[in-house]
Amino acid sequence: MRTQVAIIGAGPSGLLLGQLLQRQGIDNIIVERKSGEYVLSRIRAGVLEQGMVDLLREAGVEERMDAEGLPHDGFSLAFDNRRVRVDLAELTGGKKVMVYGQTEVTRDLMAAREASGGQTIYEADNVQPHALDSDRPYLTFEKDGETVRLDCDYIAGCDGYHGVSRQSIPAERIKTYEKVYPFGWLGLLSDTPPVSDELIYARHERGFALCSMRSETRSRYYVQVPLDEKVENWSDARFWEELKRRLPEDIAAKLVTGPSLEKSIAPLRSFVVEPMQYGRLFLVGDAAHIVPPTGAKGLNLAASDVNTLYRLMVKVYQEGRTDLIPHYSQTCLKRIWKAERFSWWMTSILHTFSDHADFDSRMQQAELDYVTSSEAGLTTLAENYVGLPYESLES
Ligand code: APR
Ligand code: PHB
């Protein structure tokens with residue numbers, strides 16, 4: 001088999017890249033380890049920046065998002081039993097975010113790919129990239145007991161944090177930066193109306209809590225838990241009780257509880273690999289970087305990498321501009337490090353740290369108090385939350 005761009009992984013990165021390339025007539029094949037149903041069963045993030053919304057539009061998958069997504073022009077920070085609204089639209093000259101689940105984005109991209117005749121090979125075992133530093137790279141994998149070889153011009157490693165792409169780069173050619181936080185998020189999804197029509201990020205001495213949503217009838221809530229906590233120890237009743245204790249009283253009083261559809265614990269991590277390319281392999285999305293979910297940046301950063309690689313491939317195939325290829329990593333990393341900073345900062349001011357002295361705790365309070373009472377502070381918060389501009393390949 002032969003294609004122009006071989007894409008490893010059919011998560012949001014791989015599917016979005018595939019769809020954008022497809023629309024420009026750039027041939028691509030996606031090779032995914034799991035089944036399509038499995039990919040859709042993962043409950044992930046839900047807040048899209050304007051840049052990602054625009055890119056989904058460019059990929060032609062805006063119809064259901066426009067009909068069912070919820071545009072949000074603000075969110076709240078809760079602390080010391082009070083709430084401060086961050087008016088995103090007012091602070092950023094009209095920018096907002098869209099609440100639309102990653103699962104739905106993935107579903108729409110899968111449907112668009114099927115409609116456009118793009119090929120995705122699901123349940124491919126032992127995917128391996130080869131000859132990355134030559135001009136004839138290829139993939140091998142096993143499908144239905146047969147070994148398949150896929151020749152290509154370029155490989156997009158869209159295979160997430162645990163994927164094979166990053167691991168295929170010789171260790172001495174990359175450097176990784178990592179910070180592991182000493183807690184996780186226990187998330188619960190339920191068919192209950194959201195407690196508020198905007199997101200609420202809450203700092204509390206018992207730990208952080210977040211009220212989010214997927215629609216007007218489906219809520220997503222999170223509470224900070226110790227890293228060694230087991231989801232089996234959390235009945236729905238215990239979760240709701242703990243969540244209420246961490247929210248301002250008026251909000252807690254309004255919370256509608258119900259049976260969970262899903263409950264899981266996710267660890268928090270900051271991670272970046274540099275550079276994000278090796279020969280003809282480009283790393284995209286979670287394969288190259290992880291952020292703690294506090295700033296809602298994970299999925300959005302994946303989209304900005306896709307944007308960069310997509311524009312690069314268009315230059316290569318439509319204008320013969322291979323000179324921009326070495327710019328991929330630095331273009332992506334400029335934006336990634338700023339989102340890493342924002343996610344780390346949001347995490348560090350809103351969570352309870354077991355090793356914190358009383359002084360550190362007062363610093364968190366003072367920082368929240370300052371940021372939410374200063375126009376400059378709120379503007380900084382808002383412009384990062386709605387998403388910094390995409391970087392240009394040529395700068
Ligand atoms: N071979 C083929 N496919 C693989 C391999 C492999 N060796 N390893 C992983 N995959 C697949 C996974 O099964 C998954 O479907 O790659 C896909 C990677 O998808 P994600 O982990 O969702 O990563 P990405 O597409 O970059 O999505 C961006 O940002 O912060 C997050 O929640 C956010 O998951 C989202 C991500
Ligand atoms: C979510 O809805 O899952 C969500 C929203 C905002 C975040 C993180 C997760 O910061």
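Remember, predicted model here, so these are calculated numbers, not experimental data.
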Decide, yes or no, whether a salt bridge links R85 with D73 under the criterion of side-chain N to carboxylate O below 4.0 Å. yes

Tell me yes or no: between the side chains of Y138 and R136, is some donor less than 3.5 Å from an acceptor? no

Minimum heavy-atom distance I29-T3, with the two atoms named: N-OG1, 3.6 Å

Is it true that R149 and D151 make a salt bridge, defined as a side-chain N closer than 4.0 Å to a carboxylate O? yes

Donor + acceptor pair across side chains of E242, W234 (<3.5 Å): no

Below 6.0 angstrom between ring centroids: does that apply to Y177 and W337? yes

Ring centers of Y221, F239 separated by less than 6.0 Å: no

Geometric class of the Y201/F75 ring pair [parallel <30°, tilted 30-60°, perpendicular >60°]: perpendicular

Between F183 and H351, does a ring-ring contact (aromatic ring centres under 6.0 Å, His included) hold up when you go through it step by step? CA-CA 9 Å; F183 41 74; H351 290 76; 4.6 Å; yes

Test item: C332 and T308 side chains (from C-beta on) under 4.5 Å apart, heavy atoms: yes

Answer with yes or no whether the side chains of E262 and S264 bring together a donor and an acceptor at under 3.5 Å. yes

Could you label the plane-to-plane angle of the F282 and Y154 rings as parallel, tilted or perpendicular, counting under 30° as parallel and over 60° as perpendicular? tilted

Which atom of S76 lies closest to which atom of R83, heavy atoms considered: CB-CG, 3.8 Å

Should V284 and V127 be regarded as members of a common hydrophobic cluster, given that ILVMFWY residues are connected when their side-chain heavy atoms come within less than 4.5 Å of each other, either directly or indirectly? yes

